[in-house]
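First the structure, in the form of structure tokens, and then the observations on it.
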Amino acid sequence: MRPAHDFWKLTQPFTALAGVTALVIAISPVMAGFGAEHPAATSDRSIEACSNSTRSIRQLAVIDQTSDGGFQCIGVFVAGDTVKAIRLERHGFAPKGGRPGAEQIKILEFAPIIADTPQGVVIDGVPGHDAIVLRGRFATPEDMGELVLSYLWNGFTGEYHSCRIALDRTPDSGWRLVNRFAQPISLIMVRIRQLPMIGIIGIANLEGACT
């Protein structure tokens, strides 16, 4: 199973050597190159594990990897032409005897208005230590939603990078996320940033969304 990457720790203040030491996170050689070398295999497994879309629930994209070593399915709860809620389906693997245990699934729903606030919807991280945040205005029957994904680029300085995405609806495919090139988004790979002798210092990119 996938090892955990505690991205939320990167937002903690770092002072002197103690701060630098706290940033060092062990990571296997396989995971270090995972985002660049094996996106297709992960995509197949993750999408199969998400709940199926229904008339009222539309699965939009898979986010892989997340801070608990699992993945998330991001979607929307809709009624007709209106988005009623942002839906996160979190898949994690609780440790058992020092090894990954059974899969645990947690469903979270947020009112669309939360995204249109400075706090936004925390996609990954914990309160006060946000690794990936979604902000913006969701789609209405008249136009598509204009959204921004922000991710922690530098845990030392608290610097975030961001990119624009959109939620629209087509007669053929229905609700979908698209990147700034109007390309559909189905898989978002979290690519990490590392420094020699230090380890993970942030997120390099959200591949697929922030192309």
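V133 and I74 are assigned to two separate hydrophobic clusters, defined by single-linkage of ILVMFWY side chains at heavy-atom distances under 4.5 Å. Put simply, I114 and V83 are part of the same group of oily side chains (I, L, V, M, F, W, Y) that touch within less than 4.5 Å, one to the next. There is a path of hydrophobic side-chain contacts, each under 4.5 Å, that joins I123 to W153. Both L108 and L149 belong to a single network of hydrophobic side chains, linked directly or stepwise wherever heavy atoms of I, L, V, M, F, W or Y lie under 4.5 Å apart.
In terms of heavy-atom proximity, W175 sits nearest to D81 at CH2-O, 3.6 Å. Closest of all the heavy-atom pairs between N179 and I185 is N-CD1, 3.5 Å.
L134 is not listed as a side-chain neighbour of F110, based on a closest heavy-atom distance of 4.5 Å or more. Looking at heavy atoms from C-beta onward, I86 lies in side-chain contact with F138 at the 4.5 angstrom threshold. A 4.5 Å side-chain heavy-atom check between N154 and L152 finds every atom pair outside the cut-off. Residues L167 and L147 have side chains in contact (heavy-atom distance under 4.5 Å, counting atoms from C-beta outward). You'll find the side chain of Y151 stays beyond 4.5 Å of the side chain of S162, heavy atoms only. In this structure, the side chains of R176 and T170 come closer than 4.5 Å at one or more pairs of heavy atoms. Between I188 and V62, the closest side-chain pair of non-hydrogen atoms is not below 4.5 Å. For the pair L206/V190, a side-chain contact is recorded, criterion being any heavy-atom separation below 4.5 Å from C-beta on.
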Derivation and outcome, side chain to side chain contact (heavy atoms under 4.5 Å, CB included), residues F77 and T82:
CA-CA 9 Å; F77 182 81; T82 304; over 6 Å; no

Residue pair V76, L60: steps toward the side chain to side chain contact (heavy atoms under 4.5 Å, CB included) verdict
CA-CA 7 Å; V76 287; L60 299 173; 4.0 Å; yes

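A donor-acceptor contact shorter than 3.5 Å is absent between the side chain of R135 and the backbone of V121. When atom types are taken as modelled, the side chain of N205 and the backbone of C210 share a donor-acceptor pair closer than 3.5 angstrom.
D116 contributes atom CG, which lies 10.5 Å from atom CD of E146 (distance to the nearest 0.5 angstrom). Between R87 atom CZ and S56 atom OG the span is 9.0 Å, to the nearest 0.5 Å. To the nearest 0.5 angstrom, L88 atom CG is 9.5 Å from C73 atom SG. Taken from CD1 in I203 to OH in Y160, the straight-line distance is 8.5 Å, to the nearest 0.5 Å. With rounding to the nearest 0.5 angstrom, the SG atom of C50 is 5.0 Å from the NE2 atom of H91. The distance from atom CE of M189 to atom CG of L187, rounded to the nearest 0.5 Å, is 6.0 Å.
Atom CD of Q119 has 12 or fewer heavy atoms from other residues, nucleotides or ligands within 6.0 Å.
The one candidate from Q59, K106, Q72 that meets the side-chain hydrogen bond (donor to acceptor under 3.5 Å, both in side chains) condition with E89 is Q59.
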